[in-house]
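The chains referred to below are lettered A, B, ... by the order of the sequence lines, with proteins before strands, and numbering in each begins at 1.
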There are 2 protein chains.
Amino acid sequence: MRTTSRETGASPRKRAGNGAAVRDVADDVGLDALVGHAGYAVRRFQIWIFQDFIRTLGDVEIRPTQYSVLTVIGANPGLSQMAVAKRLGIERARLVHLLDSLEQRKYVKRVKSKADRRSHALHLTAHGETALAKFKRLAAEHERHVEAKIGKENRAHLLRILAGFT
Amino acid sequence: MRTTSRETGASPRKRAGNGAAVRDVADDVGLDALVGHAGYAVRRFQIWIFQDFIRTLGDVEIRPTQYSVLTVIGANPGLSQMAVAKRLGIERARLVHLLDSLEQRKYVKRVKSKADRRSHALHLTAHGETALAKFKRLAAEHERHVEAKIGKENRAHLLRILAGFT
DNA sequence: AAAGATTGTTGTTGACGACAACAATTGTCG
DNA sequence: CGACAATTGTTGTCGTCAACAACAATCTTT
């Protein structure tokens, strides 16, 4: 993830020819003040997590934001776009494009609300329901990757610490 | 559980005729499967942290990435752009623009390396040193905000859990 | 009915990551 | 030594994403 040259397995040194005298420059750069900054650690962790999610759900071509939208709609059918955007902390302008894509793939349908003719009631299609079930299985697999990475109880503790942000 | 007849009432202060307590719609949308997903919690937390960082360092107009670049250069003068990019997980193409900006603001200077005439040795200017000291004080203030948000020992534990990603 | 607010939509801007191509330079190896 | 491959900084493009602004259609309020 951080380097492009090393992620093919565990290639120990890229320049294998010239012996141990040359060290990989970036590996021993001191971070100093950067260590101890929560934001930096969280950013790096989030990048890792998203990449694993994207890779694990790569076959079904579902990205984290799309997954969150589908999950919320599946759990709360009939929500308006505004409500979904508010709940997930995304702009309603952005949700438009997300729904365009999900609707094109027949996962979601926008139903014109009778109560408020400005808004759309969002629902999963039948196809969307079965698809979401599969996505959830893959997402669970991704969560197991997280457990494998940081430890089961660490993940649980982390979720507890960050529960206030969901 | 959601009665779809209520989603018109997104405004907290107005009261429809039906329920006793009309709550803000987005506040009681069930997340269900989204709760328990580490990625979602981490994403929301990271957004919060970055926004606080940007706000706290707003007066000096330093964003998280810029701060990380300055910190690494300050701690390791003479590094090449490649080494900095590698250490921070940034593309060297991106670092070019970051350094352009930081050099324009007289925080950083690119010195042509004698050892390898392709590369630049990165140093802080005198002005950059004093500025970075101020940035670090502000960053420490930001960290106190994080402590206030999630608790001192929770922050410490979180840093320990994510230490592997720095 | 008029004024103001909300919803979905379109568009713009800027930060950011991933890639590709290039010149200059360095390292490798026949 | 000299051709060839690799690295460094740079420029450029493309796609994602957040933050705004503006707009028409539609409520809500007064």
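- With sequence neighbours left out, R55(B) forms a salt bridge (Lys or Arg N to Asp or Glu O under 4.0 Å) with D52(B).
- Here the P atom of nucleotide dG17(C) and the CD atom of Q46(B) are 10 Å apart, to the nearest Å.
- Residue pairs meeting the ring-ring contact (aromatic ring centres under 6.0 Å, His included) criterion with at least one member in residues 111-133 of chain B, sequence neighbours excluded: Y107(B)-H127(B).
- Proximity of R117(A) to the phosphate of dA25(D): no side-chain N or O atom is located under 4.0 Å from OP1 or OP2.
- Not counting sequence neighbours, the partners of R155(A) by the salt bridge (Lys or Arg N to Asp or Glu O under 4.0 Å) test are E143(A), E147(A).
- As a whole-Å value, the separation of R87(A) CZ from dT7(C) C1' is 20 Å.
- Q51(B) comes within 4.0 angstrom of the backbone, heavy atoms only, and of no base.
- One can place NZ of K112(A) at 18 Å from P of dT7(C), the figure rounded to the nearest angstrom.
- Straight-line distance from the CD atom of E91(A) to the P atom of dG14(C): 16 Å, rounded to whole Å.
- The closest donor-acceptor contact from the side chain of E103(A) to the backbone of R110(A) lies under 3.5 Å.
- Shown here are the side chain to side chain contact (heavy atoms under 4.5 Å, CB included) partners of V96(A), two or more places apart in sequence or in another chain: Q81(A), D100(A).
- What separates CZ of R55(B) from P of dA19(D) is a distance of 12 Å, to the nearest Å.
- A side-chain donor-acceptor contact under 3.5 Å links T125(B) to the backbone of K106(B).
- Counting to the nearest Å, the P atom of dT7(C) and the CG atom of L122(A) are 13 Å from each other.
- Applying the ring pair (Phe, Tyr, Trp, His ring centres under 6.0 Å) test to F53(A) and every residue at least two apart in sequence or in another chain returns Y67(A), H142(A).
- Following rounding to the nearest Å, L98(A) (CG) and dC17(D) (P) show an atom-to-atom distance of 7 Å.
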All N/O contacts under 3.5 Å from nucleotides 9-12 of chain D to the protein, with atom names and distances to one decimal?
unit_1, atom_1, unit_2, atom_2, d
dG9(D), OP1, Q81(B), N, 3.0
dG9(D), OP1, H120(B), N, 3.2
dG9(D), OP2, M82(B), N, 2.7
dG9(D), N7, R92(B), NE, 3.0
dG9(D), O6, R92(B), NH2, 3.2
dT10(D), OP2, Q81(B), OE1, 2.9
dT10(D), OP2, Q81(B), NE2, 3.0
dT10(D), OP2, R110(B), NH1, 2.7

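- Nucleotide dT16(D) holds its C1' atom 13 Å from the CD1 atom of I47(B), rounded to whole Å.
- Comparing G89(A) and K114(A) by the nucleotide of DNA chain D whose heavy atom lies nearest to each, the residue mapping closer to the 5' end is G89(A).
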